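Please read all numbers here as calculations on a predicted model, not as lab measurements. A, B, ... follow the sequence lines: proteins, then strands. Residue 1 opens every chain.
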Amino acid sequence: MARSNDEVAALFAEYADLISITGGDAFKARAYEKAARAIGGHHAELSGLDAKGLQEIPGVGRSVAEKVVEYFRDGSVSAVEELRAKIPAGVRRLTAVPGLGPKKAHVLYEELGIASVELADAVHAERLRDLKGFGPRTEERILHGIDLLRSAGGRVLIDVAMDTAETIVGALSGVTGCRRCAYAGSLRRVRETVGDLDVLVAAEDSAPVMRAFTELPYVAEVIAHGPTKTSVRTSEGLAVDLRVVRPQSWGAALQYFTGSRAHNIRTRELAVRQGLKLSEYGLFDAESGELVVSETEEDVYARLGLPWIPPTLREDRGEIEAGLRGGLPDLVTEDDIRGDLHTHTNLTDGLAPLEEMAAAAAERGYAYYAVTDHGPDMAMQRMTDERMLAQRERVRALDGRYGPGRGMRLLHGAELNIAPDGEVDWPAAFLAGFDLCVASVHSHFDQGREALTRRIVRACENPYVHVIGHPTTRIIGRRPAIDADLDAVFAACARTGTALEINAHPDRLDLRDEDILRAKRHGVKFAVDSDAHAVVHLANLRYGIGTAQRGWLTADDVINTWPLTRLRRFLRKRHGR
DNA sequence: GCCGTTTTCGGCCCGACTGTTTTCAGTCG
């Protein structure tokens, strides 16, 4: 179940769409979009606020506040219901078809009564032929868009996007005349999924780069082709936009194409208030049109009165305000990480033996590395006390080879299974032998909110559980997060000194950024772990770090950036009670 | 509908590309 904030945000986002579709005031629609964003990102539960408290949220005025109050009182908002009665939900879904916006969707509904992807039949029946604004190319685009919508479902996981982006950047960087090349967009902001790639090139002459781009072997289709922008689709179905700008515009362009859209709106507003105009070509004097700065992102932000803002913060979640008052967090980076605290070997479901995993970890320059294979409750892993103790002997022997004094200490741990009642695999006496325990939910996801919450809180209260692994157990695009009262879990973590994992596996990224922000307010500490089941997975940590940054975390918030002595204190302290 | 170093009315981010236009609206990011 969603937080009430998310419910209300979704309601206003829908209202904004309905206003656009019915041809209402575009500024009114934008005001509701803005209110939806502000409410979705607000840290406090909306249901606890009165009209006055609501209006203190920026972007929420009298009218929005009244509708929020109405929603909590009646369970619905009459203004939204009125528009819903006029416009079937299918019309709004039509705007998800690329090339169909609110205006065309509305024309289709008003003129032909079309309110679903039955639209494809209408195109084939040539019913769109007489509509104003609809030509043969529009028909083609619509059919193509419906196909894509049906097949792909849109976004790809971040590792897929990253592989493609790094390949393209590598290829274009070698083209003659290419001065700089980088990916921007949601990938640079390290969003968990990516809808399309934005690649940026600085060159005096765009033609050679554009040509090289459309001729890349994995480009399946050229969607649009112009002197400054070319859009293609790769054979994997991923859309890639390439923009070429003059080298002197690099900073402004990189800033612009990195987004997010909401962040850009805020920076442009800042510019306007100072008599400036910000575009992808630079920061200009609004009156004379003269260029002020454009060469680096730092220049652009500095002229607006801001420090350089890391891309992972650019979501209009308070980074502008924090920057203006000099209060941006000193974000955790991959270089801060001293070790990985959740990894597997082939003793359970990993692919590589202990020695190979340890060697790869040492290669990454870690100061410590925890091996945490599954306990016996994950029955298919055939774990026994004897096997686990035998592994411990091997870990201790290997530790003699890597440390002390030789760089990396090996820690022996386990990934425990949190049973439906909150118990874990072993009794206290056996657990006491581990250096560290991660505990995770692996089954019984549908227990109900109360039982799930109790279950995880109970695991936190176990003095030998140090980290809650992949706390919501979601699999992006496949399994939703469990319906637990996360605020209660966060409070329990803070109270018991249990860290929450930021699982860096690209199909988990769990906790997610918004939950991290909330957990941090509870005073929780975090562990950014790879959950590696193979040597190559260790490098996934970068995505966990990006997610931690999106949650505004500093190195001090992340226990595996700490020196080993401080980490050991964290792992020990709850045993003394 | 929101908001205020352009303050209680009159703005609201900006530009590229496409298709159907004959000067521009719609869509997208």
Open item on the list: Please determine whether the number of non-hydrogen atoms from other residues, nucleotides or ligands lying under 6.0 Å from atom CD of A:Glu290 exceeds 12.
Closed with: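 Open.
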Are the side chain of [X] and the backbone of [Y] linked by a donor-acceptor contact shorter than 3.5 Å?
X: A:Asp241; Y: A:Asp198; answer: no
X: A:Asp159; Y: A:Asn540; answer: no
X: A:Arg268; Y: A:Leu278; answer: yes
X: A:Glu297; Y: A:Gln255; answer: yes
X: A:Arg37; Y: A:Tyr32; answer: no
X: A:Arg92; Y: A:Asp17; answer: no

At 4.0 Å (heavy atoms only), tell me whether [X] reaches a base, stays on the sugar-phosphate, or touches nothing.
X: A:Gln274; answer: nothing
X: A:Val64; answer: sugar-phosphate
X: A:Arg62; answer: sugar-phosphate

Where the side chain of [X] is concerned, which of [options] is the nearest nucleotide?
X: A:Ser279; options: B:dC2, B:dG15, B:dA16; result: B:dG15
X: A:Thr138; options: B:dC13, B:dG1, B:dG19; result: B:dG19
X: A:Arg137; options: B:dC13, B:dG19, B:dC17; result: B:dG19

Would you kindly give the [atom1]-to-[atom2] distance between [X] and [N], to the nearest whole Å?
X: A:Lys132; N: B:dA25; atom1: NZ; atom2: P; result: 10 Å
X: A:Ile142; N: B:dT18; atom1: CD1; atom2: P; result: 17 Å
X: A:Arg266; N: B:dC3; atom1: CZ; atom2: C1'; result: 12 Å
X: A:Arg37; N: B:dC12; atom1: CZ; atom2: P; result: 17 Å
X: A:Glu33; N: B:dC12; atom1: CD; atom2: P; result: 17 Å
X: A:Glu139; N: B:dT18; atom1: CD; atom2: P; result: 19 Å
X: A:Ile223; N: B:dG19; atom1: CD1; atom2: P; result: 12 Å
X: A:Lys28; N: B:dG10; atom1: NZ; atom2: C1'; result: 18 Å

TODO: Answer yes or no on whether A:Lys104 is positioned over the face of A:Phe134, meaning its NZ or CZ is under 6.0 Å from the six-membered ring centre and within 45° of the axis.
DONE: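 Pair A:Lys104/A:Phe134 counts as cation-pi.
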If I pick the [atom1] atom on [M] and the same atom on [N], what distance separates them, to the nearest angstrom?
N: B:dT22; M: B:dG26; atom1: P; value: 15 Å
N: B:dC13; M: B:dC28; atom1: C1'; value: 14 Å
N: B:dG11; M: B:dT18; atom1: C1'; value: 30 Å
N: B:dT6; M: B:dC12; atom1: C1'; value: 13 Å
N: B:dC2; M: B:dT8; atom1: C1'; value: 12 Å
N: B:dT21; M: B:dA16; atom1: P; value: 24 Å

Open item on the list: Which is more 5' along DNA chain B, the nucleotide nearest A:Ile265 or the one nearest A:Thr228? Just name the residue.
Closed with: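 It is A:Ile265 whose nearest nucleotide is closer to the 5' end.
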Open item on the list: Quick check: on DNA chain B, is the nucleotide nearest A:Arg273 upstream (toward 5') of the one nearest A:Thr230, or the reverse? Name the residue that is more 5'.
Closed with: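 In this pair, the answer is A:Arg273.
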TODO: State the pairing partner of B:dC24; accept Watson-Crick or G-U wobble contacts with both distances under 3.5 Å, and report none otherwise.
DONE: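 Across all strands, the one nucleotide that pairs with B:dC24 is B:dG19.
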Task: Short side-chain N/O contact from A:Lys277 to OP1 or OP2 of B:dG15, under 4.0 Å - done: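 For B:dG15, OP1/OP2 do have a side-chain N/O of A:Lys277 under 4.0 Å.
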- [ ] Compare side-chain N and O positions of A:Tyr281 against OP1 and OP2 of B:dC13 and report whether any pair is under 4.0 Å apart.
- [x]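 Checking A:Tyr281 against B:dC13: no side-chain N or O falls below 4.0 Å of OP1 or OP2.
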TODO: State, to 0.1 Å, how close A:Trp552 and A:Arg317 come at their nearest heavy-atom pair, and which atoms those are.
DONE: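 Heavy-atom minimum between the residues: CZ2-O, 3.5 Å.
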Shorter than 3.5 Å, N or O on both sides, protein versus nucleotides 26-29 of chain B: list them out with atom names.
unit_1, atom_1, unit_2, atom_2, d
B:dT27, OP1, A:Gly101, N, 2.9
B:dT27, OP1, A:Gly101, O, 3.2
B:dT27, OP1, A:Lys104, N, 2.8
B:dT27, OP2, A:Lys103, N, 3.1
B:dT27, O5', A:Gly101, N, 3.4
B:dC28, OP1, A:Gly99, N, 2.7
B:dG29, N7, A:Arg261, NH1, 3.3
B:dG29, O6, A:Arg261, NH2, 3.3
B:dG29, N2, A:Tyr256, OH, 2.4

